[in-house]
Amino acid sequence: MNRFAFIVPVYRHGATLDKVVSSLVKFNCPVIVVDDGNAEEDKAFIRHAAEKYSCVVPVWRDKNGGKGKAVNDGVRKAHELGVTHVLQIDSDGQHDISRVEHFLELSEKNPRALICSYPEYDESAPAARLKARKVANTWLNIVTLSNEIKDCMIGFRVYPLEPYWKLLKSHAILDSHMGFDIDILVHFIWKGIPVVQSPVKISYPKDGVSNFRVVRDNVHISLAYTRLCIGMMFRSPVLIFRAIKRGLRKNVKAVVQ
Ligand SMILES: Nc1nc2c(ncn2[C@@H]2O[C@H](COP(=O)(O)OP(=O)(O)OP(=O)(O)O)[C@@H](O)[C@H]2O)c(=O)[nH]1
Ligand SMILES: [Mg+2]
């Protein structure tokens with residue numbers, strides 16, 4: 001049996017935190033809420049959640065460091081708590097929380113795997129964000145030499161803790177901001193961790209707060225992919241070998257059918 005915790009990083013999303021946490025309480029798992037150096041107003045929402053729900057474990061970061069640093073601090077806390085798997089969910093309430101149960105079940109069935117969501121957008125999604133995502137996903141195919149992963153940037157995922165912890169201990173360079181979700185996914189794939197994918201609906205509420213900064217975050221994503229391209233070159237023999245194996249498996253399946 002997996003032992004789960006949730007990790008909810010928070011930056012300027014205090015107002016939507018209660019909605020997210022209140023839907024997670026029924027799973028009877030620790031909900032690690034990471035304050036990423038918020039202003040007092042948002043810190044107060046986190047304090048309030050910790051008082052209201054006994055499952056909330058707050059983690060306080062002095063300064064804002066970016067989603068990557070916040071999630072990694074959440075993983076350190078999860079390790080202290082002795083859990084085996086963490087489900088990371090954003091605090092802005094954009095992810096369809098009704099999918100949590102299904103993702104936990106997928107993780108129970110595939111304990112070694114990273115359970116990775118891919119977004120199903122409605123008409124509220126900004127067109128520029130969708131285009132940027134397509135570009136980022138193309139680069140994912142390049143640095144993994146595979147076209148099997150549908151999305152590289154979504155936050156809604158269940159990570160097995162052991163490989164995540166090893167990655168942190170190995171001091172692998174992981175982006176602190178918007179490149180983080182890409183970086184961590186690619187490192188898991190390079191390590192040969194199986195990835196199970198399932199969709200999650202994403203909505204952009206009209207009054208929603210986005211921390212996305214076009215220049216800063218695109219620079220972070222570009223730098224992350226530059227590093228990953230270099231990493232891919234060193235790993236290319238293994239990645240090519242895996243790609244050939246995958247191709248052969250597909251051919252065998254085609255013959256059997
Ligand atoms: N962007 C960002 N998010 C942070 C930071 N620290 C913690 N977070 C949390 O990380 C999650 C993702 O942040 P969002 O700003 O929603 O990023 P996103 O969902 O990729 O971008 P949008 O498509 O604009 O919503 C949220 O729960 C944030 O509160 C930070 O410094 N920057
Ligand atoms: Mg968001």
Side-chain angles (χ1 to χ4, degrees), residues 5-24 31-46 49 56 58-77 86-97 99-100 116-137 140 151-157 159 174-185 200-224:
F6 297 101
I7 295 182
V8 189
V10 186
Y11 187 58
R12 298 170 67 229
H13 287 137
T16 43
L17 181 64
D18 189 85
K19 182 184 150 208
V20 176
V21 174
S22 63
S23 314
L24 302 177
V31 180
I32 300 169
V33 176
V34 187
D35 159 50
D36 191 18
N38 281 286
E40 197 42 49
E41 191 190 341
D42 286 283
K43 278 193 197 306
F45 282 110
I46 299 172
V56 168
V59 171
W60 305 99
R61 292 178 48 80
D62 292 342
K63 273 200 221 146
N64 175 241
K67 178 181 176 182
K69 289 196 175 168
V71 173
N72 288 342
D73 277 2
V75 165
R76 289 185 186 95
K77 179 52 82 180
V86 289
L87 188 152
Q88 195 264 296
I89 181 167
D90 289 353
S91 52
D92 53 10
Q94 287 183 296
H95 299 148
D96 174 8
I97 297 197
R99 296 292 285 164
V100 166
C116 191
S117 67
Y118 56 91
E120 280 182 343
Y121 292 110
D122 57 20
E123 58 296 337
S124 62
R129 207 61 60 78
L130 300 185
K131 272 192 203 143
R133 223 148 176 136
K134 271 195 187 155
V135 176
N137 287 337
L140 178 78
D151 185 82
C152 63
M153 294 189 72
I154 197 159
F156 192 97
R157 296 174 182 163
Y159 296 99
L174 299 174
D175 187 63
S176 52
H177 284 77
M178 287 290 170
F180 162 75
D181 293 300
I182 298 169
D183 249 337
I184 190 90
L185 173 64
V200 161
K201 289 195 172 68
I202 306 281
S203 57
Y204 281 79
K206 273 205 183 80
D207 51 353
V209 175
S210 173
N211 294 311
F212 191 79
R213 298 287 169 273
V214 176
V215 175
R216 180 199 67 185
D217 286 313
N218 280 320
V219 167
H220 271 269
I221 292 170
S222 305
L223 286 176

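One-based numbering, in listed order, for ligands and for the atoms of each.
- Within 6.0 Å of the CD atom in Glu41, the count of heavy atoms belonging to other residues, nucleotides or ligands does not exceed 12.
- Here the rule is salt bridge (Lys or Arg N to Asp or Glu O under 4.0 Å) with Asp151, and of Arg157, Lys134, Arg133 only Arg133 fits it.
- Atom CG of Asp122 has more than 12 heavy atoms from other residues, nucleotides or ligands within 6.0 Å.
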Legend entry - Worked check of salt bridge (Lys or Arg N to Asp or Glu O under 4.0 Å) between Asp181 and Lys67: CA-CA 9 Å; Asp181 293 300; Lys67 178 181 176 182; 3.1 Å; yes

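- If you look at the Mg ion (ligand 2), the protein N, O or S atoms less than 2.8 Å from it are Asp92 OD2, Gln94 OE1.
- Closer than 4.0 angstrom to ligand 1 lie heavy atoms from Pro9, Val10, Tyr11, His13, Asp36, Asn64, Gly66, Lys67, Asp90, Ser91, Asp92, Gln94, Arg129, Met178, Tyr204, Ser210, Asn211, Phe212.
- Looking at Ser117, its side chain does come within 3.5 Å of a backbone N or O of Phe156 through a donor-acceptor pair.
- Side-chain contact of Asp175 with His220: a donor-acceptor pair under 3.5 Å is present, judged by distance alone.
- Checked by atom type, the side-chain pair Tyr11/Arg61 shows no donor-acceptor distance below 3.5 Å.
- The number of heavy-atom neighbours closer than 6.0 Å to NZ of Lys201, taken from other residues, nucleotides and ligands shown, is 12 or below.
- Between the side chains of Asn211 and Arg12, at least one donor N or O lies within less than 3.5 Å of an accepting N or O.
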